[in-house]
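Reading through the structure tokens given below for one structure.
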Number of protein chains: 2
Amino acid sequence: MSKPAARIRLADAAFALFDERGYEQTTVDDIAERAGVGRTTFFRHYRSKEDVIFPDHDRLLTLIKDRLATSSHSTGLIAVSDAVRLVLLHYIDEGDLARRRYTLTSKVAVLRDREIASVARYQRLFREFIADWMGDPTESASLRAELMAAAVVAAHNHVLRRWLRGETSDPVVEMDEAMRDVVALFPAPSGSGEAGDAGTTLVAFRTGQDLDTLLPSLRRLVEGGTGR
Amino acid sequence: MSKPAARIRLADAAFALFDERGYEQTTVDDIAERAGVGRTTFFRHYRSKEDVIFPDHDRLLTLIKDRLATSSHSTGLIAVSDAVRLVLLHYIDEGDLARRRYTLTSKVAVLRDREIASVARYQRLFREFIADWMGDPTESASLRAELMAAAVVAAHNHVLRRWLRGETSDPVVEMDEAMRDVVALFPAPSGSGEAGDAGTTLVAFRTGQDLDTLLPSLRRLVEGGTGR
DNA sequence: CAATACAACGGTACTCAGTACCGTTGGGAG
DNA sequence: CTCCCAACGGTACTGAGTACCGTTGTATTG
């Protein structure tokens with residue numbers, strides 16, 4: 001019954017020692033000793049010293065990969081902005097553990113780098129998914145996918161960090177709002193010949209002139225094909 | 001005259017050995033031996049084994065910091081999107097060295113992570129700069145700054161990687177275009193009463209009708225204050 | 001020219017993360 | 001009871017990074 005307790009004892013001992021002496025000042029031997037197990041056992045449960053703090057980033061990544069694979073949304077961006085919620089929910093589920101990890105990563109550069117590298121893997125996954133979804137090998141489409149993935153991850157990190165710092169009580173709805181903002185950033189692509197689309201396209205701008213003054217150039221733009 | 005040659009010989013030896021045997025299969029002793037220096041000398045010139053490949057990320061970061069500190073642009077976003085060009089120019093200046101590094105980071109996970117961590121420091125700098133520039137402690141403004149910084153970095157990485165892969169011959173103008181795209185993503189905040197801003201504002205949309213058909217409703221929108 | 005100061009170097013020894021391998025133990029399943 | 005197997009502990013090793021010490025070559029100053 002208490003067989004997999006070693007893994008938990010190791011994590012507890014690690015966090016406790018990290019709090020007491022700091023991360024660099026704690027050796028793996030220290031952790032193993034406090035947990036009452038051998039050094040070998042530590043590396044059987046965790047691949048590295050950092051791994052004690054980030055145990056299930058891999059699992060979460062594949063979880064999201066599956067979610068994306070089985071998702072059917074109107075656009076790739078929306079699918080991704082939906083899937084990324086799983087990450088937030090996972091952290092919330094971890095509760096206090098996630099917050100202890102945050103205070104650690106705030107102090108120790110090595111851990112922060114490690115966390116960032118993990119987040120980059122999500123971003124890469126998102127970028128590739130959106131690019132595949134668009135199916136447009138154009139350079140501008142590629143850039144667009146890159147921007148979308150970056151925006152989703154940035155917005156997610158923003159809300160997540162706010163929750164980790166205790167600055168919000170309802171991170172889920174904040175995440176909804178943030179993702180709406182992100183989706184709103186990227187208007188539907190214009191010009192790609194879909195069915196029945198010989199209509200008018202207006203681009204957004206602001207001006208100090210009134211509508212009548214700029215109407216001629218507006219008309220020239222609309223009638224003159226792709227304008228600058 | 002040939003006194004700081006040790007540093008260069010070390011870098012050459014390192015890159016050569018990394019190409020021959022791979023990164024993990026090369027020890028610091030190997031590098032020092034081929035460079036004809038002692039092991040201690042290696043660590044005098046480079047803080048770590050990874051540092052041989054990323055020698056001047058710190059210098060570049062402070063360079064950009066200075067650039068931002070002494071820059072006067074219309075918005076924080078534009079200042080940042082201007083400053084980030086320094087990074088691209090630096091890589092272009094490195095030339096072939098940057099490309100050899102890219103092939104390495106593409107293969108070795110540890111190096112990729114390291115590179116990502118460096119980029120994250122730029123992004124953090126940008127985020128803080130934009131947030132300071134806006135001077136708006138609101139949560140939405142904070143999110144906006146985060147999105148802007150992420151977009152600038154993503155666009156930069158996009159163009160940089162294209163150049164590293166040899167997919168573009170004119171990365172500078174491509175960077176200009178990408179940054180224009182990024183700036184265009186973020187419209188000026190509306191509603192904040194600036195001086196003399198009683199002009200016309202058009203929102204973006206697409207329609208199947210031609211311009212004359214929708215002109216009346218357009219006019220109604222413009223004249224009728226804030227329309228939905 | 002001689003004494004001194006300094007910077008770069010080489011060597012040794014150490015700590016610690018991570019890997020490989022081997023033997024031991026403690027239960028279930030046949 | 002015996003076989004099996006999973007989890008464990010111990011030992012030994014490699015390699016990165018640090019600390020310290022002694023040496024050498026070079027520039028500076030009296």
Side-chain angles (χ1 to χ4, degrees), chain A residues 1-18 20-55 57-58 101 104-105 107-115 117-118, chain B residues 1-55 57-58 104-105 107-115 117-118:
Chain A
M1 172 103 49
S2 60
K3 267 166 300 179
R7 185 172 228 278
I8 299 168
R9 281 212 316 278
L10 279 168
D12 287 344
F15 271 92
L17 286 169
F18 292 162
E20 293 176 15
R21 321 180 189 173
Y23 179 78
E24 279 99 352
Q25 284 68 38
T26 303
T27 71
V28 174
D29 290 276
D30 296 337
I31 302 172
E33 189 186 4
R34 176 168 295 202
V37 299
R39 202 177 96 99
T40 313
T41 302
F42 176 91
F43 286 107
R44 276 206 188 85
H45 287 282
Y46 301 100
R47 278 174 297 186
S48 71
K49 190 176 155 189
E50 303 171 2
D51 235 43
V52 193
I53 309 181
F54 309 99
H57 254 309
D58 289 356
R101 185 195 302 131
L104 270 178
T105 54
K107 285 181 212 157
V108 185
V110 185
L111 299 179
R112 187 169 45 238
D113 290 355
R114 162 79 184 248
E115 175 107 70
S118 297
Chain B
M1 174 125 20
S2 60
K3 267 168 299 181
R7 188 180 167 83
I8 299 168
R9 282 212 315 279
L10 279 167
D12 286 345
F15 270 92
L17 286 169
F18 292 164
D19 284 344
E20 293 175 15
R21 320 178 191 172
Y23 179 79
E24 278 99 352
Q25 283 68 39
T26 303
T27 72
V28 174
D29 290 279
D30 296 337
I31 301 173
E33 190 185 4
R34 175 167 296 202
V37 299
R39 201 178 98 99
T40 314
T41 302
F42 177 90
F43 285 107
R44 275 207 190 84
H45 286 281
Y46 301 99
R47 279 175 295 189
S48 71
K49 189 175 157 190
E50 303 170 1
D51 234 42
V52 194
I53 310 181
F54 310 99
H57 254 307
D58 289 355
L104 271 177
T105 53
K107 285 181 212 157
V108 185
V110 184
L111 300 180
R112 185 169 46 238
D113 290 354
R114 162 78 183 247
E115 174 107 71
S118 297

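By convention in this document, chain letters (A, B, ...) are assigned in the order of the sequence lines, proteins followed by strands, and residues within each chain are numbered from 1. Because the structure is predicted, anything quoted here is derived from the model rather than measured.
- Using modelled atom types, one side-chain atom of B:R9 and one backbone atom of B:A35 make a donor-acceptor pair closer than 3.5 Å.
- Side-chain N or O atoms of A:Y46 include none that pairs as donor or acceptor with a backbone N or O of A:F54 at under 3.5 Å.
- Side-chain atoms of B:D19 never come within 3.5 Å of backbone atoms of B:A16 as a donor-acceptor pair (strictly under, hydrogens ignored).
- No donor-acceptor distance shorter than 3.5 angstrom exists from the side chain of A:D113 to the backbone of A:V110, with no hydrogens or angles considered.
- Residue B:R47 contributes atom CZ, which lies 14 Å from atom P of D:dA19 at whole-angstrom precision.
- The distance from atom CD of B:E50 to atom P of C:dA17 is 17 Å, rounded to the nearest whole Å.
- When each of B:L10, B:L104, B:I31 is checked for a side chain to side chain contact (heavy atoms under 4.5 Å, CB included) with B:F15, only B:L104 meets the rule.
- A straight line from OH of A:Y46 to P of C:dT19 spans 16 Å, rounded to a whole angstrom.
- The NZ-P distance, from B:K49 to D:dG15, rounds to 9 Å in whole Å.
- As a whole-Å value, the separation of A:E33 CD from C:dC16 P is 13 Å.
- A cation-pi geometry, defined here as NZ or CZ lying under 6.0 Å from the six-membered ring centre and within 45° of its normal, holds between A:K49 and A:Y23.
- A 6.0 Å sphere centred on CZ of A:R21 holds more than 12 heavy atoms belonging to other residues, nucleotides or ligands.
- Between A:D51 and A:R114 a salt bridge is recorded (basic side-chain N to carboxylate O distance below 4.0 Å).
- Under 4.0 angstrom from either OP1 or OP2 of C:dC9 there lies at least one side-chain N or O belonging to B:H45.
- For residues 24-32 of chain A, proximity to DNA chain C is found at A:T26, A:T27, A:V28, defined as any non-hydrogen atom under 4.0 angstrom from a strand atom.
- We find that OH of B:Y23 is positioned 12 Å from C1' of D:dG15, with the value rounded to whole Å.
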Filtered N/O pairs between nucleotides 9-11 of chain D and protein, under 3.5 Å:
{"residue": "D:dG9", "atom": "OP2", "partner": "A:G38", "partner atom": "N", "Å": "2.8"}
{"residue": "D:dG9", "atom": "OP2", "partner": "A:T41", "partner atom": "OG1", "Å": "2.2"}
{"residue": "D:dG9", "atom": "O6", "partner": "A:R44", "partner atom": "NH2", "Å": "2.7"}
{"residue": "D:dG10", "atom": "N7", "partner": "A:T40", "partner atom": "OG1", "Å": "2.9"}
{"residue": "D:dG10", "atom": "O6", "partner": "A:T40", "partner atom": "OG1", "Å": "3.0"}

